[in-house]
Amino acid sequence: MKIYVPLDSAAVALGADDLADAIVAAAADRNIEVQVIRNGSRGMAWLEPLVEIETDAGRIGYGNVDASDAAALLDGKLSSLGKVDDLPFLARQTRLTFARCGVIDPLDLTNYQAHGGLVGLRRAAQMDQAAIVDEVTKSGLRGRGGAGFPTGIKWKTVSDATADQKYIVCNADEGDSGTFADRMIMEGDPFSLIEGMAIAGLGVGATKGYVYLRSEYPVAIRVMRAAVEAARKGGVLGADVMGSGRAFDMEIRVGAGAYVCGEETALLNSLEGKRGTVRAKPPLPALEGFMGRPTVVNNVISLASVPVIFEKGADHYASFGVGRSRGTVTLQIAGNVKHGGLFETAFGTTLGEVVNDIAGGTASGRPVKAVQVGGPLGAYMPVSKFDTPMGYEEFDQNGGLIGHAGLVVFDDSADMLQMARFAMEFCAVESCGKCTPCRIGAVRGVETIDRIAQGDGAAIELLTDLCETMKDGSLCALGGFTPFPVMSALTHFPDEFAAQKQAAE
Amino acid sequence: MSTLAAPNENDLKDLISSHLNLEGPMLPILHALQHAYGYIPALAHGLIAEALNITKAEVHGVISFYHDFREKPAGTHVIKLCRAEACQSVGANALAADTLKKLGLDWHETSADGSITIEPVYCLGLCACAPAAMVDDRLVARVDGAKMDKILKELGA
Ligand SMILES: Cc1cc2nc3c(=O)[nH]c(=O)nc-3n(C[C@H](O)[C@H](O)[C@H](O)COP(=O)(O)O)c2cc1C
Ligand code: SF4
Ligand code: FES
C-alpha cells in the first residue's frame with residue numbers, strides 16, 4: 001500500500017512527522033506492507049495534514065489526520081474526502097508551475113521525469129542562447145518576486161554581456177507575510193527550480209547558480225540541498241548538463257533573518273558576505289551583480305515556471321492570462337480565510353472571486369473587511385475593490401499591487417489603524433538604514449499614528465505628508481511602498497482614524 | 001538544544017578555514033559558528049577578519065545587521081512567535097500578549113533561569129494555517145492558547 005504524508009512545512013507544523021511514524025508503526029502491528037512517501041503539499045492548507053492512499057480508483061484523501069488516527073486509517077475506518085484530484089479547490093486550478101507539487105516524491109528524479117520533468121531542459125540543451133532567451137520572452141513571463149519585470153529582457157541583458165563568469169541567483173528570501181509559494185515548490189518539487197535555473201544558465205551563459213534561501217525555512221533548505229545532490233548524481237547539474245556539453249552547478253545559501261535581503265541588490269551584498277544594504281541602481285545587477293559580474297536575479301516561481309514553458313512551449317504558456325499578465329499566477333490565500341492555500345490559475349480572476357468563491361470567505365464566519373494583497377508593502381483592498389482582476393496593470397490602476405501574489409484576508413474585527421501602525425513598525429525594524437525617509441520616517445510614522453490614536457486629528461495630515469516623503473525619497477520599495485498599506489488603510493477606512501479622535505474627545 | 005562546547009581558538013580557526021573555498025564565505029561561517037556554539041563568540045571576530053582580510057569592525061557590522069546572529073547565548077529553548085499580518089488576522093497579537101505575560105518576559109528577553117528566550121519572527125510561510133511559531137527547530141501552526149500552554153509545559157516553563 002502506498003501512502004502519501006506531506007513533508008511540507010505546513011503539514012509538519014500540524015503533526016505530519018509524528019503521523020508518518022505512527023502509520024509505519026501501525027502497519028508493522030498489522031503486518032501490512034506500507035510504503036510511506038513524503039510528498040509536497042497539494043496546497044489545501046485547511047486539510048493539512050492531508051494523507052492520500054493510492055488505490056485503483058486514484059488517490060483517496062483524508063483530511064486533518066492526527067497521529068492517533070493512524071490505526072483507523074489503515075483499518076479503513078476513517079472517512080475519506082474521495083479522490084483528491086476531484087476536490088473542487090484542485091479541480092478548478094490551472095496548474096502549470098505547480099503541476100507536480102504534492103503529486104510526486106520531491107526527491108525522486110525518476111518520478112520527476114515520469115511527470116514531464118527534464119523535457120524542458122533537454123529541449124533547451126539543443127538550443128543556442130539567443131533561442132532560449134527568445135522562448136522566455138515569447139512566453140510573456142514576468143518576474144513573480146514582486147516587480148513584474150519581463151524575465152526575457154533581464155535574461156537578454158545578461159546573455160549579451162561579456163564576462164569571464166556570470167551567475168544565476170535565485171531569490172528565495174520570500175519574506176512577505178501571506179506568501180509561501182516559493183517554500184511549497186522548493187519542498188514539493190525542488191527539481192523544477194533546479195531545472196529552471198539550469199535552463200537560465202544555458203540561456204545566458206552562466207555556469208554557477210545560488211539559491212538565497214531564508215533561514216526561516218528549515219524544511220525547504222533540507223529538501224533543496226538533497227535535491228541539488230540528486231541532480232548532480234543524475235547529470236542535471238555539473239560539467240555537462242544533460243549532455244549539452246555546457247556546465248552549470250549550484251549551491252544553496254541560507255539568509256539570516258533580514259526582510260530587506262529580499263531586495264535583489266541587498267541580497268547580492270548579503271550573498272557576498274556584507275551587510276544587506278541596498279545598492280543604488282545603476283549599475284543593474286544584470287551587468288554588475290554578484291561579485292560585480294553579470295547576474296540574473298529571479299524569484300523562485302519565475303525560475304520554476306521556466307521548465308513548463310520549455311516543455312509545453314512559450315505559446316502555450318502565453319495563451320493563459322489577461323492583458324500584459326501572461327500565464328498563471330500562483331495565488332497564496334492566507335489569513336482569516338476558510339479555505340486557504342495555494343491556488344494556481346490564469347491571471348484575470350477577480351479578487352472577489354478568489355476571496356469569496358475559491359476561499360469561501362473568512363474562517364471566523366464574519367464579514368470580510370479588507371484583503372492585503374502583495375505582502376507588507378501591498379495595499380489593503382476594501383470589499384468595494386473586489387472586482388479588480390488579478391493582473392499587474394489591473395491592480396496598479398486600482399491603487400494596489402500584486403507583488404508575490406499573497407492575499408491576507410481580514411474580517412471586520414481588524415483594527416485598520418493598528419494595521420497601518422504595524423506597517424510603519426515593520427519598516428522601522430527592517431529598514432537597511434541607508435536612506436533617512438525610510439529609517440527615520442518609519443519611526444516618525446509609528447509616533448504619528450499613535451498621536452492619531454490618541455485623538456490628535458491634525459496628525460492625519462502629517463502622516464499623509466510623511467508618506468509622500470517616504471514615497472519620493474526612498475531608494476527601494478521598503479521605504480517607498482510602506483505608504484501603500486498605510487495610506488490605503490487611511491483612505492478606505494477613514495472612520496477608524498477619525499473615530500479614535502472622537503472617542504478621545 | 002544540546003550543551004555546546006566552549007569556543008577555543010583552534011576549533012574556531014578550523015571551522016572558519018573550512019569555508020574559505022566558498023564565494024562569499026561570511027554568512028556560511030557565521031551560521032556554522034552559531035550552529036556550533038549557539039552564538040557568535042567574540043573570539044571569532046578577529047579570526048574571521050584575519051581570514052577574510054577585512055577589519056574587525058566590518059565583521060561586527062555584518063553580525064549586528066542580521067536578526068539571526070546572536071552575540072551571546074540564548075536560553076536553552078527559543079520560542080519564535082510570528083507577528084506578521086496573516087498571523088495577526090487570526091489573533092496573533094492576543095496570543096503574543098498572553099504568552100509574554102505567562103512568561104513574564106518582553107520580546108527578546110530570556111527567563112531568569114535561562115530556560116526560555118522569546119523572539120518575534122516575521123512570517124514562517126505558514127500563513128494559511130496561522131498563527132505560527134517555531135519552538136527551537138520545530139514548526140507549529142494553528143497555535144492557540146491551549147497549544148501554547150502545552151508547549152510551555154513541555155519546555156518546563
Ligand atoms: C524590501 C524588498 C523585499 C523583497 N523581497 C523579495 C523576496 O523575498 N523575493 C523575491 O523574489 N523578490 C523580492 N523583492 C523583489 C526583488 O528586488 C527583485 O525584484 C526580484 O527578486 C526579481 O526577480 P523576478 O524578476 O523574478 O521577480 C523584494 C524587493 C524589496 C524592495
Ligand atoms: S528605502 Fe529603506 S530599506 Fe530601502 S534602501 Fe532606503 S533605507 Fe534601505
Ligand atoms: S504571517 Fe505568520 S506565518 Fe506568515
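Scope of the values below: all heavy atoms of this structure, side chains included, with no hydrogens, waters or symmetry mates. Every chain is numbered from 1 and lettered A, B, ... according to where its sequence line falls, protein lines coming before strand lines.
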Checklist outcome for this item: One option among A:E251, A:R214, A:K208 has the most heavy-atom pairs under 4.5 Å with chain B, and it is A:R214

Checklist entry - Which pair of heavy atoms, one from A:I333 and one from B:A128, lies closest together, and at what distance? => result O-CB, 3.6 Å

Checklist entry - If you look at every heavy atom in B:C127 and A:A334, which pair is closest and at what distance? => result O-CB, 3.3 Å

Item to check | Engaged part of A:P218 at the chain B interface, taking heavy atoms whose separation is under 4.5 Å | outcome: side chain

Next on the checklist: If you compare all heavy atoms of A:F422 against all heavy atoms of B:A84, which two are closest, and at what distance to 0.1 Å?
Outcome noted: CZ-CA, 4.0 Å

Next on the checklist: So for atom NZ, which belongs to B:K102, do other residues, nucleotides or ligands contribute more than 12 heavy atoms lying within a distance under 6.0 Å?
Outcome noted: yes

Item to check | Atom group of A:Y259 that falls short of 4.5 Å from chain B, counting heavy atoms | outcome: neither

Item to check | Distance-only polar pair, side chains of A:E216 and B:Y122, donor-acceptor under 3.5 Å | outcome: no

Checklist entry - At a heavy-atom separation under 4.5 Å, does A:V260 approach chain B through its side chain, its backbone, both, or neither? => result side chain

Next on the checklist: With rounding to the nearest 0.5 angstrom, report the SG to CG distance, B:C129 to A:L47.
Outcome noted: 11.0 Å

Next on the checklist: With side-chain contact (heavy atoms from CB on, under 4.5 Å) as the criterion, how do A:M419 and B:E85 come out once you've worked through the C-alpha distance, each side chain's angles and the decisive distance to 0.1 Å?
Outcome noted: CA-CA 8 Å; A:M419 295 321 297; B:E85 290 89 341; 3.8 Å; yes

Next on the checklist: Counting heavy-atom pairs closer than 4.5 Å to chain A, which one of B:K147, B:R83, B:M134 comes out on top?
Outcome noted: B:R83

Checklist outcome for this item: The interface call for A:E187 against chain B, heavy-atom contacts under 4.5 Å, is neither

Item to check | Which portion of A:C261 sits near chain B, non-hydrogen atoms under 4.5 angstrom | outcome: side chain

Item to check | Residue pair A:Y217 / B:L139, side-chain heavy-atom distance below 4.5 Å | outcome: no

Next on the checklist: Let me confirm one number: the CG-CG distance from A:L14 to B:L126, rounded to the nearest 0.5 Å.
Outcome noted: 8.0 Å

Next on the checklist: Taking every non-hydrogen pair under 4.5 Å, which of A:A45, A:G15, A:G340 racks up the most with chain B?
Outcome noted: A:A45

Checklist entry - Taking all atoms of both residues into account, what is the closest heavy-atom pair of A:G273 and B:V62, and its distance? => result O-CG2, 3.6 Å

Next on the checklist: Are there over 12 heavy-atom neighbours, none belonging to A:D164, within less than 6.0 Å of that residue's CG?
Outcome noted: yes

Checklist entry - Checking heavy atoms, do the side chain of A:S270, its backbone, both or neither come under 4.5 Å from chain B? => result both

Checklist entry - Within the distance-only criterion (no hydrogens, no angle test), does the side chain of B:H31 pair as donor or acceptor with the backbone N or O of A:G255 below 3.5 angstrom? => result yes

Checklist outcome for this item: Ranking B:S64, B:P28, B:G125 by heavy-atom pairs under 4.5 Å to chain A gives rank one to B:G125

Checklist entry - Non-hydrogen atoms of chain B under 4.5 Å away: do they reach the side chain of A:E272, the backbone, both or neither? => result backbone

Next on the checklist: Does any backbone or side-chain atom of B:V121 lie under 4.5 Å from a heavy atom of chain A? Answer side chain, backbone, both or neither.
Outcome noted: side chain

Checklist entry - Side chain of A:R253, backbone of B:G24: donor and acceptor closer than 3.5 Å? => result yes

Next on the checklist: If I measure from the heavy atoms of chain B, does A:V254 come under 4.5 Å with its side chain, its backbone, both, or neither?
Outcome noted: both

Item to check | A:S177 side chain to B:C123 backbone, donor-acceptor under 3.5 Å | outcome: no

Next on the checklist: Which atoms of A:T277 are under 4.5 Å from chain B, going by heavy atoms: the side chain, the backbone, both sets, or neither?
Outcome noted: both

Checklist entry - Using non-hydrogen atoms only, which part of A:M184 is less than 4.5 Å away from chain B: side chain, backbone, both, or neither? => result neither

Item to check | Under 4.5 Å from a heavy atom of chain B, the part of A:D176 involved | outcome: backbone

Next on the checklist: If you compare all heavy atoms of B:E23 against all heavy atoms of A:F290, which two are closest, and at what distance to 0.1 Å?
Outcome noted: OE1-CE2, 3.8 Å

Next on the checklist: Using heavy-atom distances under 4.5 Å, tell me whether A:T179 contacts chain B through its side chain, its backbone, both, or neither.
Outcome noted: backbone

Next on the checklist: Taking side chain as everything from C-beta outward and backbone as N, CA, C, O, which of these in B:I29 sits under 4.5 Å from a heavy atom of chain A? Side chain, backbone, both or neither.
Outcome noted: neither

Checklist entry - How far apart are the closest heavy atoms of B:Y66 and A:R275, and which atoms are they? => result OH-C, 3.7 Å

Checklist entry - Does any heavy atom of chain A fall under 4.5 Å from the side chain of B:K80, the backbone, both, or neither of them? => result neither

Item to check | Under 4.5 Å from any heavy atom of chain A - which part of B:R138 | outcome: neither

Item to check | Top contributor to chain B contacts, counting heavy-atom pairs under 4.5 Å, from A:A414, A:G433, A:G178 | outcome: A:G178

